[in-house]
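Everything below concerns the one structure shown next.
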Amino acid sequence: MTFGQIKARALELIGENPEDIPLFDDLVGAYVNEGYHDLLQRALRPRACALLELQDDGENGRFADLRALPRLVQVLRVRLNGRPVPFLVDNLRLYPLARGEEPLSIDFVRDEDDLELDADIPRLPAWSHPALCDFAAFRLCAASAGDRAKRADFFHARFLEASARLSSRGPLGPAIPNRHGLRACT
């Protein structure tokens, strides 16, 4: 589903006319993106690797500037000379607690850019796209009163089911099967 289709479907779920998207576009778009980032970080946690040069702080030693990493969420591992090293993160500066040749190799969890254009397609499996409709419908209903507010729990539960299903197919973790049925060593 495209971003535009997801927004239209979310409005249909709550009983609004999809032709009225211009009235709700910013709000529905914000809710879809909120659900998108939630699914990415709760379930898939996309990873990336980058090489960063060290800079001299003078006072605290050498550091790598984490602002150079696009959409950084969490640093997972730092390697220097191909070996893992302990590190300290302070104010978007990463201080390796070992000496060695540059550059640092940093494995990190990243986030995706917001969906902006109606033709944008979420970087999630196609079967999980309706969960974004459910999340937007949940947020729209939760902000309402009366019968619509009562339906919010239904949409939220469907979103959480998709999130659980998606996380069971994500990266290997202790005793979590991946899509090939393999298990990580514990």
Side-chain angles (χ1 to χ4, degrees), residues 1-3 6 26 29-129 131-132 134-136 139 159-186:
M1 295 176 79
T2 65
F3 185 42
I6 292 169
D26 290 341
Y31 290 156
V32 169
N33 276 309
E34 184 181 342
Y36 179 47
H37 295 296
D38 186 83
L39 279 181
L40 282 169
Q41 293 311 312
R42 187 190 312 207
L44 290 182
R45 298 183 52 83
R47 288 161 170 72
C49 182
L51 297 176
L52 293 180
E53 297 292 330
L54 292 173
Q55 303 173 22
D56 196 6
D57 188 350
E59 185 178 307
N60 297 321
R62 295 173 60 81
F63 71 93
D65 189 359
L66 294 177
R67 290 177 290 187
L69 299 178
R71 312 287 294 181
L72 169 73
V73 173
Q74 176 188 10
V75 175
L76 298 173
R77 179 173 48 177
V78 175
R79 290 177 297 210
L80 192 58
N81 300 332
R83 293 189 321 232
V85 296
F87 60 92
L88 173 69
V89 176
D90 184 36
N91 290 335
L92 291 175
R93 291 182 172 186
L94 184 139
Y95 296 92
L97 302 177
R99 297 233 180 252
E101 295 296 318
E102 296 182 22
L104 286 177
S105 174
I106 300 175
D107 297 332
F108 62 100
V109 176
R110 63 175 172 76
D111 199 1
E112 293 288 333
D113 291 330
D114 282 349
L115 302 170
E116 293 177 355
L117 303 174
D118 282 347
D120 288 349
I121 298 175
R123 295 187 61 152
L124 293 168
W127 63 262
S128 67
H129 293 179
L132 300 176
D134 290 333
F135 187 83
R139 294 283 283 149
F159 174 78
L160 293 176
E161 286 172 17
S163 177
R165 183 175 167 210
L166 190 60
S167 64
S168 71
R169 295 168 181 260
L172 286 176
I176 297 175
N178 72 355
R179 63 181 67 107
H180 301 293
L182 304 174
R183 293 187 182 270
C185 296
T186 55

Indicate yes or no for a side-chain donor-acceptor contact from N33 to the backbone of G29 under 3.5 Å, with no hydrogens or angles considered. yes
Could you report the tightest heavy-atom contact between P46 and L40, atom names first, then the distance? CD-O, 3.6 Å
Just to verify, what does R83 make a side-chain hydrogen bond (donor to acceptor under 3.5 Å, both in side chains) with, not counting sequence neighbours? none
Should L94 and L52 count as side-chain neighbours, where that means a heavy-atom distance under 4.5 Å? no
Can you name the closest pair of heavy atoms from F108 and V75 and give their distance? CB-CA, 4.2 Å
Between the SG atom in C49 and the CG atom in L76, the distance rounded to the nearest 0.5 Å is 10.5 Å
More than 12 heavy atoms of other residues, nucleotides or ligands under 6.0 Å from CZ of R123: is that the case? no
Here the pair of heavy atoms bringing L39 nearest to A131 is CD1-CB, 4.2 Å
So, using salt bridge (charged side-chain N to carboxylate O under 4.0 Å, His left out) as the criterion, who are the partners of R77 when residues are at least two apart? D107
CA sep, side-chain torsions, deciding dist, call: I106, L66, side chain to side chain contact (heavy atoms under 4.5 Å, CB included): CA-CA 10 Å; I106 300 175; L66 294 177; 4.2 Å; yes
Output, in order, the C-alpha distance, side-chain angles, deciding distance and verdict of side chain to side chain contact (heavy atoms under 4.5 Å, CB included) for Y36 and D114. CA-CA 8 Å; Y36 179 47; D114 282 349; 5.9 Å; no
Would you find a donor on one side and an acceptor on the other, under 3.5 Å apart, between the side chain of R71 and the backbone of R110? no
Closest approach of H129 to L124 (non-hydrogen atoms, all atoms of both residues): NE2-O, 3.1 Å
List the residues meeting salt bridge (charged side-chain N to carboxylate O under 4.0 Å, His left out) with D120, not counting sequence neighbours, and say none if there are none. none
Stepwise side chain to side chain contact (heavy atoms under 4.5 Å, CB included) check, D118 with F3: CA-CA 5 Å; D118 282 347; F3 185 42; 4.3 Å; yes
Least distance between heavy atoms, P96 atom then V85 atom: CB-CG2, 4.4 Å
Measure the spacing between CG of L92 and CZ of F63 and express it to the nearest 0.5 Å. 11.0 Å
In this structure, CG of D111 is separated from CZ of R45 (nearest 0.5 Å) by 10.5 Å
Between CZ of F135 and CG of L160, what distance do you get to the nearest 0.5 Å? 9.0 Å
Verdict with reasoning, F159 to D38, per side chain to side chain contact (heavy atoms under 4.5 Å, CB included): CA-CA 10 Å; F159 174 78; D38 186 83; 3.4 Å; yes
Between I121 and M1, what is the shortest heavy-atom contact and its length? CG2-O, 3.9 Å
